[in-house]
Asker: 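Just dropping this structure here.
Only a predicted model underlies this, so the values are computations on that prediction, with no experimental measurement involved. In this chain, numbering begins with 1 at the start of the sequence shown.
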Amino acid sequence: MDDLKLALILNAVSPRVGGVLVRGEKGTAKSTIVRALAELLPAVDVVPGCRFACDPEAPYSQCPDGPHDGGRETRRARLVELPVGASEDRLAGSLDLEKALAHGVAAFEPGLLAAAHRGVLYVDEVNLLHDHLVDLLLDAAALGTCYVEREGVSVRHAARFLLAGTMNPEEGELRPQLLDRFGLTVEVRASRDPGERAEVIRRRMAYERDADGFAADWAAREGELAARIAEARTRVESVRLPDAALKQIATVCAGFEVDGMRADLVTAHAAVAHAAWAGRDRVTTRDVREAARLALPHRRRRDPFDAPGLDENKLDELLDQFPDDPDDTDPPQGPDDQQPQNDAQPEESGQNPQNNAGQAESNEQADRRRADQSQSDLGESDQNQEAQAQNGQAPAEQFQVAGAPYKARLFSVPGVGGGAPGRRSRGRSAKGRTVGSRTPAAKATQVHLMATLRAAARRGWRRGPVKVADLREAVREGREGNLVLFVVDASGSMGARKRMGEVKTAVLSLLLDAYQRRDKIGMITFRGEKAELVLPPTSSVEAGAARMRLLKTGGRTPIAAGLVKAAEVLAVERLRDPARRPLVVVVTDGRATSGDADRAAGLLKDTACVVVDCESGPVRLGLAARLAVRLTAPVVDLSDVAHVMKAA
């Protein structure tokens, strides 16, 4: 939480830092602390009646409500929340069609970016926001200006705000390109210190007993913090960035092999803001180190399977190459250099900063070591495993490690859907080629000009101008994301001849493909006497990869149980997200040992399926192909899938 508070404060001191992305498990007060920041920001002076919150001292020259003729009023900085289901028009603004048609006036209706100007724009569950909306708001945050060019309207207005996004990685990741657009990122976990957890409960219960009294007890501390932020804002423009610090920033960014130059710029702005916050007039090694810890971890990710993190020992080694200039005078002691006060007093509840991202990397390394050890311990006797499976015995569990994933071939759902935008199957989309028109169910957002004119002509356009009832909106076709449900055979026969290592590699490749195509994923495994939902449908490919890497094999092959479990999962998901079409990928050698696979396959007769045949050896029974016939699904040999992916 100390890192999170620091990241938010640095953005409040200098909006040039570029916002903060808060990643963390559920129940860690991510949303609470972001919303609390708005109360600490200085009040702003605005032009009365201006919908775009122009500064009276320097109004935006192209403000749609301008020109302004003086006057001012003071109000608190706003916290504007962007809903996950918002449209592009709601975010950026649009033409007011009713005024345009009824009065012939090109009136602009401002969006949330205008409302957030000079305040905070908060996006909860930003990883669930459509990519084109994330691109739009990040561009506005970087440029400080919102451009709207559509339906004959060309408008631009100032849009400078503190961007804060929160997300739970279990629900899916942002693409690396979008991660890079956030200035800073913080990984938040709940404290494991019983004392800190008890203090959280104590303060929460005190708030519930007397909210006004609790706020009054902390008002003085909040006032002090707000004053420090305002003071640092006035100081930030005068902070000097010496050549030694500049070389440190360049060396650190190059040493961690981040892409592009955005990391260097963000680290520089964050270091300047940190120096201003600490009361220093120049950037020191400490400022660069704190800025790099927050600006670089998420920029080191090369693919969605990489865990975010930063090696702090390596960071210190890189910083030591260009020490602080000895000719500069010692910086004054800032408030952040003082010893923490007793937490028994009404203080901020954070303790010493913890390197959460580095801990995440350590956990990932530990998982890999355990996987390697499991492979050594359990992968010694593939021949005994296969012999036991053929004799009907219950073989011992085995563990095989996957290879590096590679580009997967495309599997898609037939027909045209209407689910969330993605890159897999054909679907109706706000982005795509125009294939027709329709009467809008509510307000028209994408007008089909020719269809509107034809509707007006049929009504008799000489009787008057085009009316709202004549409006037709464009129907566009693009690509949609699907629910890709993996049903993976983990029986003893799959573990023979190290086949499961190839299966894991193929499934990891398909998981990566699902991530890139913006799908939800789920995973069912079956072995022994039952099937298990090891990964409920989610957008987190990282969680799916973790389940697959640690998957063991052994026991019989209850294919019927796996198919029944898949039907149950899809029935629930249709209630939750009826527009998202499913694709079931069955990975098996087809050697069913229990259950009625024919009857179970009938439960999925209306569902798009693909069977990946994992059978190998000189003699093949073709059982997976028979299963594909029952599912009315195409069958793809595992080696062919791997060959296609490697060749691509």
Asker: Can you check whether L113 reaches F161 side chain to side chain, under 4.5 Å on heavy atoms?
Answerer: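 Yes; the side chains approach each other to less than 4.5 Å.
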Asker: Can you measure from CG (L241) to CZ (R282) and round to the nearest 0.5 angstrom?
Answerer: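 L241 CG to R282 CZ: 11.0 Å, rounded to 0.5 Å.
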Asker: Do I9 and R228 come within less than 4.5 Å of each other through their side chains, counting heavy atoms only?
Answerer: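 No, too far: nothing below the 4.5 Å cut-off.
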Asker: Measuring only between side-chain heavy atoms, which start at C-beta, is V123 closer than 4.5 Å to L133?
Answerer: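 Contact flag for V123/L133 side chains = no.
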Asker: Apply side-chain contact (heavy atoms from CB on, under 4.5 Å) to the pair E290 and W277, showing each step before the final yes or no.
Answerer: CA-CA 12 Å; E290 292 299 307; W277 170 247; over 6 Å; no
Asker: Given 3.5 Å as the limit, does a donor-acceptor pair link the side chain of R235 with the main chain of A276, or not?
Answerer: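 Here the side-chain-to-backbone pair exists.
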Asker: Do the side chains of D65 and V47 get nearer than 4.5 Å, heavy atoms only?
Answerer: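 Counting from C-beta outward, V47 and D65 never come under 4.5 Å.
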Asker: Only one of R118, R75, R72, R76 forms a salt bridge (charged side-chain N to carboxylate O under 4.0 Å, His left out) with D45, so which one is it?
Answerer: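 Only one of R118, R75, R72, R76 forms a salt bridge (charged side-chain N to carboxylate O under 4.0 Å, His left out) with D45, namely R72.
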Asker: Once you round to the nearest 0.5 Å, how far does SG of C253 lie from CG of L296?
Answerer: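 One gets 5.0 Å once the value is rounded to the nearest 0.5 Å.
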Asker: Is a side-chain N or O of T28 found less than 3.5 angstrom from the main chain of R189, in a donor-acceptor match?
Answerer: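 A pair under 3.5 Å: no.
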Asker: What are the two closest heavy atoms between A43 and T74, and how far apart are they?
Answerer: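 A43 and T74 have their closest heavy atoms at CB-CG2, 3.8 Å.
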Asker: Give a yes or no answer on whether the side chain of K30 reaches the backbone of G165 with a donor-acceptor pair at less than 3.5 Å.
Answerer: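 Side chain of K30 to backbone of G165: no pair is present.
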Asker: Is the shortest side-chain heavy-atom distance between D577 and L483 below 4.5 Å?
Answerer: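 No; the side chains remain at least 4.5 Å from each other.
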Asker: Begin with the C-alpha distance, continue with both residues' side-chain angles, and end with the deciding distance and a verdict on side chain to side chain donor-acceptor pair (under 3.5 Å) for T267 and D264.
Answerer: CA-CA 5 Å; T267 305; D264 304 63; over 6 Å; no
Asker: With side-chain contact (heavy atoms from CB on, under 4.5 Å) as the criterion, how do L40 and E222 come out once you've worked through the C-alpha distance, each side chain's angles and the decisive distance to 0.1 Å?
Answerer: CA-CA 7 Å; L40 302 176; E222 283 197 346; 4.1 Å; yes
Asker: Could you state the interatomic distance from OG (S14) to NE2 (H274), rounded to the nearest 0.5 Å?
Answerer: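 It is 13.5 Å, given to the nearest 0.5 Å.
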Asker: With a 4.5 Å limit on heavy-atom distance, are the side chains of P110 and R51 in contact?
Answerer: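 They are in side-chain contact.
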Asker: Could you give me the CA-CA distance, side-chain angles and deciding distance for D470 and T452, then say whether side chain to side chain donor-acceptor pair (under 3.5 Å) is met?
Answerer: CA-CA 6 Å; D470 300 325; T452 298; over 6 Å; no
Asker: Classify the ring geometry of F52 against H157: parallel below 30°, tilted from 30° to 60°, perpendicular beyond 60°.
Answerer: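 Ring orientation of F52 relative to H157: tilted.
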Asker: For atom CZ of R90, is the number of surrounding heavy atoms from other residues, nucleotides or ligands below 6.0 Å larger than 12?
Answerer: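 Atom CZ in R90 is not crowded, with 12 or fewer foreign heavy atoms closer than 6.0 Å.
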Asker: Does the D55 side chain pair with the main chain of E57, one donor and one acceptor, at a distance under 3.5 Å?
Answerer: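 Judged by distance alone, yes, a pair lies under 3.5 Å.
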Asker: Determine whether R35 and E81 make a side-chain contact, defined as any pair of heavy atoms from C-beta on separated by less than 4.5 Å.
Answerer: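 Side-chain contact under 4.5 Å: yes.
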Asker: I'd like to check R428 versus V435 (side-chain heavy atoms, cut-off strictly below 4.5 Å). Are they in contact?
Answerer: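 Yes; the side chains approach each other to less than 4.5 Å.
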Asker: Determine, for E237 against R16, whether the closest basic-nitrogen to carboxylate-oxygen distance falls under 4.0 angstrom.
Answerer: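 A salt bridge links E237 with R16.
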Asker: Nearest heavy-atom pair of A271 and A291: which atoms, and what distance?
Answerer: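 Where A271 meets A291 most closely, the heavy atoms are N-CB, 3.5 Å.
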Asker: Under the side chain to side chain contact (heavy atoms under 4.5 Å, CB included) test against H298, which residue among V186, D180, T185 passes?
Answerer: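 Going through V186, D180, T185 one by one, the side chain to side chain contact (heavy atoms under 4.5 Å, CB included) with H298 is satisfied by T185 alone.
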Asker: For G19 and N11, work out which heavy atoms get closest and say how close.
Answerer: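 Heavy atoms only, the tightest pair is N-OD1, 2.6 Å.
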Asker: Does atom CZ of R233 have more than 12 heavy-atom neighbours, drawn from other residues, nucleotides or ligands, at distances under 6.0 Å?
Answerer: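 More than 12 heavy atoms, drawn from other residues, nucleotides or ligands, come within 6.0 Å of this atom.
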Asker: Got a donor-acceptor contact below 3.5 angstrom from the D519 side chain to the N482 backbone?
Answerer: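 It does hold such a pair.
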Asker: Might you work through the side-chain contact (heavy atoms from CB on, under 4.5 Å) test for F256 and L315, ending with a clear yes or no?
Answerer: CA-CA 8 Å; F256 282 108; L315 174 60; 4.1 Å; yes
Asker: Could R181 and D139 be called an ion pair, given the rule that one side-chain N must be under 4.0 Å from one carboxylate O?
Answerer: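 Salt bridge present between R181 and D139.
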Asker: If you compare all heavy atoms of L162 against all heavy atoms of L8, which two are closest, and at what distance to 0.1 Å?
Answerer: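 Nearest heavy atoms, L162 then L8: CD1-O, 4.1 Å.
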Asker: Decide if atom OH of Y207 counts as having more than 12 heavy atoms of other residues, nucleotides or ligands within a radius under 6.0 Å.
Answerer: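 Not more than 12 within 6.0 Å, no.
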Asker: Can you name the closest pair of heavy atoms from E312 and R293 and give their distance?
Answerer: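 That would be OE2-CD, 3.5 Å.
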Asker: Which heavy atom of V239 sits nearest to which heavy atom of R280, and what is that distance?
Answerer: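 So the two residues come closest at CG2-O, 3.7 Å.
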Asker: Looking at R424 and D513, does any basic side-chain N land under 4.0 Å from a carboxylate oxygen?
Answerer: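 Yes, R424 and D513 are salt-bridged.
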Asker: Could you tell me whether the side chain of E477 and the main chain of R426 form a donor-acceptor pair under 3.5 Å?
Answerer: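 No.
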Asker: Drop me the distance from S61's OG to H68's NE2, to the nearest 0.5 angstrom.
Answerer: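 So the gap between those two atoms works out to 10.0 Å.
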Asker: Between E480 and S425, is there a donor-acceptor pair closer than 3.5 Å when you use the side chain of the first and the backbone of the second?
Answerer: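 Between the backbone of S425 and the side chain of E480 there is no qualifying donor-acceptor contact (under 3.5 Å).
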Asker: Starting at CG of L319, measure out to CZ of R289 and round the result to the nearest 0.5 Å.
Answerer: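 Between L319 CG and R289 CZ, I get 7.5 Å after rounding to 0.5 Å.
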Asker: Checking R156 against V148 for the side-chain contact (heavy atoms from CB on, under 4.5 Å) test, could you report, in this order, the C-alpha distance in whole Å, the side-chain angles of both residues, the deciding distance, and whether it holds?
Answerer: CA-CA 6 Å; R156 63 182 61 186; V148 182; over 6 Å; no
